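Notes to accompany the following structure.
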Amino acid sequence: MKTLLKELIRHAADRAHAAGALPHDLFPEAEIDVPKVEAHGDYSTNFALVAARSQKMAPRQVAEALCAHIADPHGLLARTEIAGPGFINFFLRPSAWLPLLAAVHDQGPRYGSSDLGRGTKVQVEFVSSNPTGPLHVGHGRGAAVGDSMARILAASGYAVQKEYYINDSGRQIQTLGRSVLLRYRQLAGEAVSFPEDCYQGDYIVDLARELRARHGDALLTAEEAEGVMRCARYAADTITAGMRQDLLDFGVAFDRWYSEQSLYDTGRVEASLEALQARGVVYPQDGALWFNTSAFGDEKDRVVVRNNGQTTYFASDIAYHQEKFERGFDRVIDVWGADHHGYIPRMKAAVQASGVDPARFEVILVQMVNLLRGGAPVAMSTRAGEFVTLSDVMKEVGRDAARFIFLTRSADSTLDFDLEVAKQKTNDNPVFYVQYVHARISSILRKAEGTGLGFTGWDAAGATCLDTPDDIQLIKTLGRFPEIVAASARLLEPHRVTFYLLDLAAAFHSYYNRQRVLTDAPALTRARLSLITGVRQVIRNGLELLGVSAPDVM
RNA sequence: GCCCCCGUAGCUCAGUGGAUAGAGCAGCAGAUUCCUAAUCUGUUGGCCGCAGGUUCGAUUCCUGCCGGGGGCACCA
């Protein structure tokens, strides 16, 4: 619709210039907007305001010249008016909206999809939690944001790969192994103290118990280093498998799980350090090897090899991101917890130093989740091993509620997640509000089929019955969906789809209470069945982008 | 001290430079002989944190301050 109006304005401007009403033929890019106030029309353009300067005319004069030369070949317009400082407002005829509904029926499950990305290869890496403990609520938010973002990008014409980076190397894995081994010894009756810097959670004891069940006391007699390593490997593998299962239960399936350790095993880390050396961006100091990231905008230089000879996490991350771009991704998007924001400049520096445009590497920062129960904070302490896991939350509130609620805020905002609200089957719970639309419409369609009046396909002529303001309002809302998805993809903001669905749901519930679908007039009934079938399709498509189910019965 | 995010109605939050800033919740008053009341309708409620700047136009962009949260390792 916007593109049609843009053409219409373009032609009017050319005609006005040809007729001498506008002196210059260079017209700046004008916006077509949906005004906030209904009295300002269905669409509005600031053409006259932006063109005023180059035309050396008052905005309202420009607007008048343009309006006088508008041709309307498709018969879209009921009327146009000039308002305020020089806005041109377009009021469309009811029939002008029907093609939007036709598009929903025509495209079905693909409605909302676009070719925005033109096949651009994008990788979305998210969650990537250390395999040292189960996923908690914060990871859930990252999972919901990352997975939804990937779905939205895929629907927008990008070739998307979802990846999980397993930090299965380094010190925290050593600590994990040590923690399990100590618990293992305790279970065997040894009186060993359990240090504070070890992982405290009960799951460590469970892992130790499993190892004893398998190997008995065998690890007691093994070399210390050997024992730690075997415990570490077992624990990391088991925890990773558990995370994979939790994520699958959450509706998140990764295309690839990428091991940090593999970067060492294949010599990638060493190779990328050598490459940095060849570029002259690293230097030795105080026995360590430093990367001069400050030359690329970071606030200080960073260590890549410690003075004990061990590489830092940063070193393997450099290798990892280099390797990502070598795999041919045009864009690499990482979803990180906001507590890692300080890491962005050095990662950008690393990308740039590798000869890749740093704009191709983007980070979505996701703010914290405050877990509440009935308005009161739920106490959580990773240190003491007390936390509510993602799995616990899913068991309590269900997958759909969890995913949806995680996406009811901009990623930039901290999120209050109230377990009691998430369970409620009331107005307070946004996910049911949206799903209820799908169930309600399904119910009407079942009833219609029972009376032999089922929806039989789009009928352009019959649809002209849809002429009340309520009908048109609903169709307009459906028509916004594609641009919402596109904006969401462009701005990397999945919550836009959530808010749109709440809007659409409100529009439908309102419609439902004001208009009847199943009436005594067969033609009107058929037309309205085609309308609500379209609404159901869009609800379904939108929920699919969020990874939330669309139930037929509630 | 430096960096990032937030600050918009009583509460929780939308708002990619446009006109009279919106929604939900809470409060108040209503709606179902009829397609699912997990719904709807009406209504009260604002110095868009403060001060400058850019612009025809700023809640939106820039700078400084104030308040809240997070981060500033040869941990990850």
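Residue numbers begin at 1 in each chain, while the letters A, B, ... track the order of the sequences. It should be emphasised that the depicted structure is a prediction, and the values quoted were computed from it without experimental measurement.
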Taking atom [atom1] in both [N] and [M], what distance in whole Å separates the two?
{"N": "B:C56", "M": "B:C13", "atom1": "P", "result": "37 Å"}
{"N": "B:G15", "M": "B:G46", "atom1": "C1'", "result": "15 Å"}
{"N": "B:A58", "M": "B:A51", "atom1": "P", "result": "15 Å"}
{"N": "B:G22", "M": "B:G45", "atom1": "P", "result": "14 Å"}
{"N": "B:C75", "M": "B:C65", "atom1": "P", "result": "34 Å"}
{"N": "B:A76", "M": "B:U59", "atom1": "C1'", "result": "39 Å"}
{"N": "B:A26", "M": "B:G69", "atom1": "C1'", "result": "25 Å"}
{"N": "B:U44", "M": "B:C28", "atom1": "P", "result": "16 Å"}

For residues 406-419 of chain A, which residue pairs pass the side-chain hydrogen bond (donor to acceptor under 3.5 Å, both in side chains) check, not counting sequence neighbours? A:Asn370-A:Asp416
[X] side chain to [Y] side chain, donor-acceptor N/O pair below 3.5 angstrom:
{"X": "A:Ser442", "Y": "A:Arg536", "result": "yes"}
{"X": "A:Asp168", "Y": "A:Ser259", "result": "yes"}
{"X": "A:Gln172", "Y": "A:Thr132", "result": "no"}

Taking atom [atom2] of [N] as reference, at what distance in whole Å does atom [atom1] of [X] sit?
{"X": "A:Asn513", "N": "B:U36", "atom1": "CG", "atom2": "P", "answer": "12 Å"}
{"X": "A:His341", "N": "B:G71", "atom1": "NE2", "atom2": "P", "answer": "10 Å"}
{"X": "A:Ile344", "N": "B:C5", "atom1": "CD1", "atom2": "C1'", "answer": "11 Å"}
{"X": "A:Phe432", "N": "B:A37", "atom1": "CZ", "atom2": "C1'", "answer": "16 Å"}
{"X": "A:Trp336", "N": "B:A76", "atom1": "CH2", "atom2": "P", "answer": "14 Å"}
{"X": "A:Tyr343", "N": "B:C74", "atom1": "OH", "atom2": "P", "answer": "12 Å"}
{"X": "A:Gln435", "N": "B:U39", "atom1": "CD", "atom2": "P", "answer": "13 Å"}
{"X": "A:His438", "N": "B:U39", "atom1": "NE2", "atom2": "P", "answer": "18 Å"}

Categorize [X] for me: base, sugar-phosphate, or nothing, with a 4.0 angstrom heavy-atom threshold over every strand shown.
{"X": "A:Asn130", "result": "sugar-phosphate"}
{"X": "A:Phe314", "result": "nothing"}
{"X": "A:Asp552", "result": "base"}
{"X": "A:Val305", "result": "nothing"}
{"X": "A:Lys425", "result": "base"}
{"X": "A:Arg516", "result": "base"}
{"X": "A:Gln174", "result": "nothing"}
{"X": "A:Met368", "result": "sugar-phosphate"}

Is the shortest side-chain N to carboxylate O distance from [X] to [Y] below 4.0 Å?
{"X": "A:Glu163", "Y": "A:Lys324", "result": "no"}
{"X": "A:Arg496", "Y": "A:Glu493", "result": "yes"}
{"X": "A:Arg178", "Y": "A:Asp197", "result": "yes"}

Could you check, using the six-membered ring where one of them is a Trp, whether A:Tyr320 and A:Tyr258 have ring centers closer than 6.0 angstrom? yes
For this output row, return yes or no: ring centroids of A:His321 and A:Phe361 closer than 6.0 angstrom. yes
It should be established whether [X] places a side-chain nitrogen or oxygen under 4.0 Å from OP1 or OP2 of nucleotide [N].
{"X": "A:Arg306", "N": "B:C75", "result": "yes"}
{"X": "A:Tyr512", "N": "B:A37", "result": "yes"}
{"X": "A:Tyr313", "N": "B:A76", "result": "no"}
{"X": "A:Arg446", "N": "B:C35", "result": "no"}

Let me know, please, whether A:Ile444 or A:Ser169 comes out on the 5' side of the other along RNA chain B by nearest nucleotide. A:Ile444
Can you identify which nucleotide, out of [options], has its nearest atom closest to the [X] side chain?
{"X": "A:Ala439", "options": "B:A76, B:C40, B:U36", "answer": "B:U36"}
{"X": "A:Trp290", "options": "B:C74, B:C40, B:C3", "answer": "B:C74"}
{"X": "A:Ser443", "options": "B:C2, B:C35, B:C40", "answer": "B:C35"}
{"X": "A:Leu365", "options": "B:C74, B:C4, B:C35", "answer": "B:C4"}

Going by number, which of residues 500-509 of chain A have a non-hydrogen atom under 4.0 Å from RNA chain B? A:His509
In terms of relative ring orientation, are A:Tyr512 and A:Phe508 parallel, tilted or perpendicular, with 30° and 60° separating the classes? tilted
Report the C-alpha separation of A:Arg79 and A:Glu81 in whole Å, then their side-chain angles, then the decisive distance to 0.1 Å, and conclude whether the salt bridge (Lys or Arg N to Asp or Glu O under 4.0 Å) test is met. CA-CA 7 Å; A:Arg79 65 193 172 89; A:Glu81 67 174 26; 3.3 Å; yes
How would RNA chain B look in dot-bracket form, 5' to 3', counting Watson-Crick and G-U wobble pairs with both distances under 3.5 Å and writing | for bases paired to another strand? (((((((..((((....[...)))).(((((.......))))).....(((((..]....))))))))))))....
Taking A:Ser129's backbone N and O only, do any of them form a donor-acceptor pair with A:Tyr164's side chain (distance below 3.5 Å, no angle check)? yes
So does [X] have more than 12 non-hydrogen atoms from other groups sitting under 6.0 Å from [atom1]?
{"X": "A:Lys423", "atom1": "NZ", "value": "yes"}
{"X": "A:Gln424", "atom1": "CD", "value": "yes"}
{"X": "A:Arg233", "atom1": "CZ", "value": "no"}

Heavy atoms under 4.0 Å is the rule here; annotate nucleotides 25-30 of chain B 5' to 3' with B where the base is hit, S where only the sugar-phosphate is, and - elsewhere. S-----
Contact state string [nucleotides 9-19 of chain B, B base, S sugar-phosphate only, - no protein heavy atom under 4.0 Å]: ---SSSSB-BB
Considering only residues two or more places apart or on different chains, which pairs with a residue in residues 501-515 of chain A satisfy salt bridge (charged side-chain N to carboxylate O under 4.0 Å, His left out)? A:Asp470-A:Arg514, A:Arg480-A:Asp503
Carefully, step by step, assess A:Tyr165 and A:Asp334 under the rule side-chain hydrogen bond (donor to acceptor under 3.5 Å, both in side chains). CA-CA 10 Å; A:Tyr165 183 55; A:Asp334 285 11; over 6 Å; no
